[in-house]
Amino acid sequence: MSNRISASFSPVSNAGVILFWKTHQVVIGFMCIIWCLMPLFLGGSLFQLTNIPAFFILIISLVTFHGRSLWQIIAIRLGFGVREATGATRWTMSPMSAFSTVGYIDVAGVTDKIIKPVEVVNTDYNGACFLFDKENGQATAVLKMTAIPFLFLSADTQDKRALAWSDLLSSLAEHKDIVRIVTQARSLPVENVRDDSFTREEDFSKRDTGNVNSQLHKVMSHDLILTVTVDVEKAQNFITTHGGGIRGISELLKTRLIPIVSFLEDAGIDKEFSILWLNYGQVRGLMKTMIDPSSNTILSKHGELDDTIPVSTSYTEFANEVQVGSMYARTYWIDKFPEKSVYSGFLKQFIVQKTYSMVFTQVWRCIEGHKAQKVLGNRVAELERIKSINERVGRVSSKKYDQELESIRQRLEELPKFNAEVEFQGYVTLISPDLYVLNDQTNMLVTKTSFVHYDRMICQQWVGWLNALPMGLAGRS
């Protein structure tokens, strides 16, 4: 077991420009201090009524809760309030033709923009499409595939699959235009429909099949979605050389997908099933299956949802969940993974779920060398600061901090060789038609997966739902 492939995770760094304070906290705090000191320079007193608001703002600016400033928490709450008041969280999709925009998906924007449309654009590759985010200049291809079960494989085979995925991620450093890769393991219920359209003379096997289907009213389906997002600006020369515009973006995505698919074959993808680059109708079909267990009865044999059928007609955002149609969905961000070394397959409880609907979303983003060095350097400074404080107060330093510090220093030494780091994020979305059942499932999940820590994404559930959709939006800036 000691020779197995293992990995450990560093906690999200809370290091800021000064101690754990972020830039906006420092700027606001500095302005408040200057405001309070102005009367002294003018011969007045520090304790004046005009300084009271500045004191309150200064206190608010210095408070940090779970790595977020109070200003960030207030902004999240206000954003939720605005969306709730305006009803601006919605999405729509509509009809198509090759090499042109075939529809729009309206998503919740950030800061001052509540609605941000993502275009659905058709390519000429067997009707495949890509999602184009004009504001960020990013194009996303959506792939669907089937994975070989991981649980009953030998340890060596599991490690080989993990190494193949690691090689895929390492290849991201060679292509600066690949912004992120998102994988989604989806466990969703499918309703079986009994077929009684047979006569007495027909084979009894058909009737037996109908009886079995009636007993197995709902079964869990499992599929794997992978999205690849590229930055159009970073690949402008390539796009121009290959026809420019939509044609050039299509060629860019195809060129980037080919080597990725070759890596996937060694990373555990079932070769008996095709890896599909999805078209417009199939993307809509994937969205429909998340909120309608009976959707298999209205999808085409290729999994396409007809243009005349809406994905959903109603939605309501709450602080702790979002209601889409008749379904409730709740998303948690995994903000802390195991700090001790873990072996490949430790996330198996998220990958395949047998009892309730779940989408496990993982985001993989390549960070350029100089940016990665800054991130790792911040974490080193944070750990050294904690160690120094412990030494001053005579407290024994924690071994986990020493181990993490050693691990990060080793990564800093290896950084010049690879000139890149891979940033990892995880989101879990639970879906249920009953809110009470959803609460029970949430508690069950948290209890069974105590080796990770969750951020409950309060007042950010619409963002969590967008992350769960097969659009590659998770981890976007």
Side-chain angles (χ1 to χ4, degrees), residues 96-107 109-113 115-143 167-183 226-264 275 277-280 283 363-375 415-416 418-423 425 466 469-477:
M96 66 164 95
S97 61
F99 280 133
S100 63
T101 299
V102 298
Y104 291 90
I105 309 174
D106 293 342
V107 302
V110 292
T111 59
D112 59 332
K113 296 184 179 178
I115 289 297
K116 184 171 78 169
V118 174
E119 297 185 25
V120 185
V121 185
N122 266 358
T123 71
D124 63 344
Y125 305 122
N126 295 323
C129 74
F130 65 84
L131 311 177
F132 187 46
D133 180 353
K134 273 189 175 179
E135 183 175 314
N136 290 328
Q138 296 175 355
T140 300
V142 183
L143 307 182
D167 290 339
L168 186 155
L169 296 176
S170 298
S171 70
L172 297 184
E174 301 175 10
H175 306 293
K176 304 297 183 184
D177 48 68
I178 297 181
V179 178
R180 62 183 176 274
I181 289 180
V182 177
T183 58
L226 182 143
T227 63
V228 179
T229 301
V230 296
D231 189 305
V232 174
E233 186 65 31
K234 292 181 180 179
Q236 197 59 54
N237 292 337
F238 181 99
I239 293 171
T240 303
T241 304
H242 291 81
I246 295 173
R247 188 180 297 274
I249 296 174
S250 301
E251 186 64 27
L252 172 66
L253 284 169
K254 186 190 77 170
T255 304
R256 296 293 178 258
L257 288 175
I258 289 174
I260 288 176
V261 169
S262 65
F263 279 116
L264 288 175
I275 298 177
W277 182 354
L278 301 186
N279 63 27
Y280 161 80
V283 172
V363 185
W364 317 81
R365 183 191 289 110
C366 187
I367 306 176
E368 295 178 7
H370 67 283
K371 293 181 180 179
Q373 188 169 17
K374 182 179 179 181
V375 172
L415 194 57
F418 300 102
N419 198 32
E421 272 269 310
V422 175
E423 183 184 68
Q425 291 178 305
L466 292 178
L469 293 176
M471 296 169 57
L473 291 174
R476 68 187 175 127
S477 338

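Small disclaimer: the values here were computed from a predicted structure and weren't measured.
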key: Which residues share a ring pair (Phe, Tyr, Trp, His ring centres under 6.0 Å) with F238, sequence neighbours left out   = H242
ask   = Which distance, rounded to the nearest 0.5 Å, do you find between the CG of L131 and the CG of L469?
value = 10.5 Å
task = Can you measure from CD1 (I178) to NZ (K176) and round to the nearest 0.5 angstrom?
result = 11.0 Å
ask   = Could you give the distance from CZ (R256) to CD1 (I181), rounded to the nearest 0.5 Å?
value = 11.5 Å
query = Atom CD1 of I246 and atom SG of C129: how far apart are they, to the nearest 0.5 Å?
reply = 11.5 Å
inquiry  = What I'd like to find out is whether the side chain of N136 reaches to under 4.5 Å of the side chain of V179, using heavy atoms alone.
reply    = no
query = Hey, does the side chain of W364 reach the backbone of R180 with a donor-acceptor pair shorter than 3.5 angstrom?
reply = no
note = So CD1 of I275 and CD1 of I260: to nearest 0.5 Å the spacing works out to 10.5 Å
note = Heavy atoms of A139 and F130 approach each other most closely as CB-CD1, 3.8 Å
task = For V363 and A474, work out which heavy atoms get closest and say how close.
result = CG2-CB, 3.5 Å
key: Gap separating the CG atom of L143 from the CG atom of L226, nearest 0.5 angstrom   = 5.5 Å
key: T255 vs L252, side chain to side chain contact (heavy atoms under 4.5 Å, CB included): CA-CA, chis, key distance, verdict   = CA-CA 5 Å; T255 304; L252 172 66; 5.6 Å; no
request  = Looking only at non-hydrogen atoms, find the nearest pair between W277 and S250 and report the distance.
outcome  = CH2-O, 4.2 Å
Throw together a table of side-chain donor-acceptor distances under 3.5 angstrom for residues 227-236, partners on residues two or more places apart or in other chains.
from	atom 1	to	atom 2	distance (Å)
T229	OG1	T140	OG1	2.8
D231	OD1	E233	N	2.9
D231	OD1	K234	N	3.2

